[in-house]
Amino acid sequence: ALQTLLMSSQELEKAGLLNKTKIAEGGRKLRKNWSPSWVVLVGNSLVFFKDPKSQTPSSWKPGNSRPESSVDLRGAQLHWANELSSKKNVFKLRTVTGNEFLLQSETECLIKEWYDTIKSVIEKLDRE
Ligand code: I3P
């Protein structure tokens, strides 16, 4: 799926491992369930993949890179959200459809890079 995205001539902006939990779906609050996720920013979307390290050897097959979910960044809101977690370096992403995610890294400079990059994509889309 990642290859499909790349081949559709969208620009791969960033990729890396972050801790992720979804906290709302369509405006309805969900119970937190933090897990590591490969996060890929491509075009106007943030795409989430399961962390390969958290899978069993038998469940992992080359080319088996179907995304878990993806988020359209158009109209999305991004805020630092350290008050929403006991973890440090947390931001909240809210989509126009009312889905909310927390993303976190123990590495402060890394989460700042993600925040700035996502912010700039959202602002670019706001200007279109
Ligand atoms: C939650 C779990 C989360 C924690 C959350 C707890 O408990 O410990 O890690 O979020 O806190 O409710 P459970 O496993 O029983 O669902 P943080 O790590 O982000 O603090 P919260 O309810 O205060 O959000």
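Whatever order the structure lists them in is the order used to number ligands and atoms, beginning at 1. Residue numbers run from 1 in the order of the sequence given.
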For this session: Determine if the distance from atom 8 (O) of ligand 1 to the closest protein heavy atom is below 4.0 Å.
Result: no

Exercise. Is at least one protein non-hydrogen atom found at under 4.0 angstrom from atom 19 (O) of ligand 1?
Worked result: yes

Exercise. By salt bridge (Lys or Arg N to Asp or Glu O under 4.0 Å), which residues pair with Glu108, not counting sequence neighbours?
Worked result: Lys112

Exercise. Within the structure, does at least one protein heavy atom fall under 4.0 Å of atom 15 (O) of ligand 1?
Worked result: yes

Problem set entry | Which residue and heavy atom of the protein sit nearest atom 11 (O) of ligand 1, plus the separation | Lys32 NZ, 3.9 Å

For this session: Check whether any protein heavy atom sits under 4.0 Å from atom 22 (O) of ligand 1.
Result: no

Exercise. Are Arg74 and Glu128 ion-paired here, with the side-chain N under 4.0 Å from a carboxylate O?
Worked result: yes

Exercise. So, does Ser120 use its side chain to make a donor-acceptor pair with the main chain of Thr117 at under 3.5 Å?
Worked result: yes

For this session: Could you check atom 3 (C) of ligand 1 against the protein and tell me its nearest heavy-atom contact, residue, atom and distance included?
Result: Trp34 CD1, 4.1 Å

Problem set entry | Protein heavy atom at shortest distance from atom 13 (P) of ligand 1 | Arg31 NH2, 3.6 Å

Problem set entry | Where ligand 1 meets Ser86 - atom numbers and elements under 4.0 angstrom, heavy-atom basis | 17 (P), 18 (O), 19 (O), 20 (O)

Exercise. Are any of the side-chain nitrogens in Lys92 or Glu100 under 4.0 Å away from the carboxylate oxygens of its partner?
Worked result: yes

For this session: Look at the side chain of Asn82 and the backbone N and O of Lys88, then say whether any donor-acceptor pair between them is shorter than 3.5 Å.
Result: no

For this session: Apply ring pair (Phe, Tyr, Trp, His ring centres under 6.0 Å) to Trp80 and Tyr115, showing your working.
Result: CA-CA 8 Å; Trp80 290 111; Tyr115 181 91; 4.3 Å; yes

